[in-house]
Protein chains: 2
Amino acid sequence: MSGQKISSVWLREPRQSGRTPGRSREEIVRATLELLDAEGLDGLSMRKLGAKLSAGATSVYWYVENKDELLELAYDEIWGKITIPVPEEAGWRETASTFAHSMRAVILAHPWVAALLGRLPALGPNALAMADLLRRAFRLAGFKGLDIDYANTTLTAYVFGMVIPEIVWRQTMGGEELDPESMRQTFEHVARDFPDLLARLTEVNDLPAQAIREISFDFGLVSVLDGLAARLRPAGS
Amino acid sequence: MSGQKISSVWLREPRQSGRTPGRSREEIVRATLELLDAEGLDGLSMRKLGAKLSAGATSVYWYVENKDELLELAYDEIWGKITIPVPEEAGWRETASTFAHSMRAVILAHPWVAALLGRLPALGPNALAMADLLRRAFRLAGFKGLDIDYANTTLTAYVFGMVIPEIVWRQTMGGEELDPESMRQTFEHVARDFPDLLARLTEVNDLPAQAIREISFDFGLVSVLDGLAARLRPAGS
DNA sequence: ACCTGAACACCGTTCAAGT
DNA sequence: ACCTGAACACCGTTCAAGT
């Protein structure tokens, strides 16, 4: 009746009959990641990817339904790069904390992911494996039933939400090649109607931006984990 | 020496000499929002926007340097739709909580924003006004110095990170017009190697998805606020 | 089974030219 | 000051045709 299937690469078996005929999915994903890392999300086109694989411009369409599916593959690869300890050995809190820091580091190393988070679902095997592991950690902590998911979702949301603006910041502020003086003027200009923000600016201006971001990330992470831990204590204690 | 300026609409004065000659920035923004709401991010093109303004395909370029600047304008409009009480009256915790719920509601009503969060900086007047207000709330709570920003960042990151996957979910799962049976099969397929995730699936399957998302959002929000509140208590008490 | 090439229908952006 | 139109250099995707 209602029809309309979900569309995702993960619903189709990878193309490759038996031997080693054409390209493999891994080859394609590797080339895609290289392009993305080198030229960013806008730098990836099906034609360029074809060229990189020394193939025709549209050859990738044999392996993948469309460009979004290609990006789904690349996205899941990122999930695979996140390191996380064995929950039963490290304990839930260290597991969660290590996951958070590792995910941040991985995304910062592959900034193009930031724009994908708001566009693609994470249904790949690496993403699911991570969800599975994190659920183990939160179950170990003492969460029960749906609370396991809620805790997991909360933690992951925090990391996403923290890293995304950090990437955007780095990208529009252009990293090194930006004149710090013009940067200060920029903020003074846009924030000219908000004295409190301006005051904060001059307060921060001399501190190393990178260090502040790390402290900020830790501050929030500890808060989130503390808040989750509070859920585990019976109300009256 | 190092050159390279930051590029943002908010650094340039809006075009319009004195009278009411051509289009105004507001007209353009309104048309942009309408297009985005109606057709989504991919549905917005400079040509379509020109047509909607009954103007040539490239007329908007007189008001805006490029498409990203146009999106910056639309993005800030969203920040303006978020409602928030006066911190001094409502208290910090209710202010923060109302902000979180309102921001979620606004983004869900304009799903195209989700993809912008990972692409554009929030330097517009509405975004800054909100930052200013939230800072007031956290100062009121008792945070001092940089902790005010850290707390603010933590809260906002949580909301971002929570809403983004929710949007993606809704969009790829296609809302109403999706066959629920094929949906279940989808998950069973992708999660086939993760028994724990599968078990969770059947557990959740009969519950109304929308209600769960709201409970989940509240669970995390309370946790985050509790965690922040814990920061305010002196260590020994 | 795998790949190519041409072709279609779009893009964002530049720029000389118009009023 | 404001807007147009043509033009450029790209896109993603389809599809008939090749091997």
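Chain A is the first sequence line, chain B the second, and so forth, proteins listed ahead of strands; every chain is numbered from 1.
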Listed nucleotide nearest any side-chain atom of [X], set [options]:
{"X": "W62(A)", "options": "dA1(C), dC11(D), dT13(C)", "result": "dA1(C)"}
{"X": "S59(B)", "options": "dC2(D), dT4(D), dT13(C)", "result": "dT4(D)"}
{"X": "N66(B)", "options": "dC11(C), dT13(C), dT14(D)", "result": "dT13(C)"}
{"X": "S45(A)", "options": "dC11(D), dT14(D), dT13(C)", "result": "dC11(D)"}

Can you tell me the distance, in whole Å, between the [atom1] atom of [X] and the [atom2] atom of [N]?
{"X": "L70(A)", "N": "dC11(D)", "atom1": "CG", "atom2": "C1'", "result": "15 Å"}
{"X": "K67(A)", "N": "dC10(C)", "atom1": "NZ", "atom2": "C1'", "result": "14 Å"}
{"X": "R15(B)", "N": "dC3(D)", "atom1": "CZ", "atom2": "P", "result": "11 Å"}
{"X": "L35(A)", "N": "dC11(D)", "atom1": "CG", "atom2": "P", "result": "11 Å"}
{"X": "R47(A)", "N": "dC8(C)", "atom1": "CZ", "atom2": "P", "result": "14 Å"}
{"X": "E65(B)", "N": "dG12(C)", "atom1": "CD", "atom2": "P", "result": "16 Å"}
{"X": "M46(A)", "N": "dC3(C)", "atom1": "CE", "atom2": "C1'", "result": "14 Å"}
{"X": "Y61(A)", "N": "dC15(D)", "atom1": "OH", "atom2": "C1'", "result": "13 Å"}

Touch class at under 4.0 angstrom, heavy-atom based, for L53(B) against every strand present: nothing
Sugar-phosphate, base or nothing in reach of L44(B), heavy atoms under 4.0 Å: sugar-phosphate
Y63(B) side-chain N/O to dC3(D) phosphate OP1/OP2 under 4.0 Å: yes
For [Y], does its backbone N or O pair with a side-chain atom of [X] as donor and acceptor, under 3.5 Å?
{"X": "K48(A)", "Y": "G43(A)", "value": "yes"}
{"X": "S102(B)", "Y": "T98(B)", "value": "no"}
{"X": "R135(B)", "Y": "N152(B)", "value": "no"}

Pairwise side-chain contact, Y158(B) with V163(B), heavy-atom cut-off 4.5 Å (strictly under): no
Plane angle bin for W112(A) and H110(A) - parallel if under 30°, tilted between 30 and 60°, otherwise perpendicular: perpendicular
Pairing partner of dG12(C) (Watson-Crick or G-U wobble, both distances under 3.5 Å): dC8(D)
Pairing nucleotide - dA1(D), Watson-Crick or G-U, each distance under 3.5 Å: dT19(C)
T58(A) vs D42(A), nearer the 5' end of DNA chain D by closest nucleotide: D42(A)
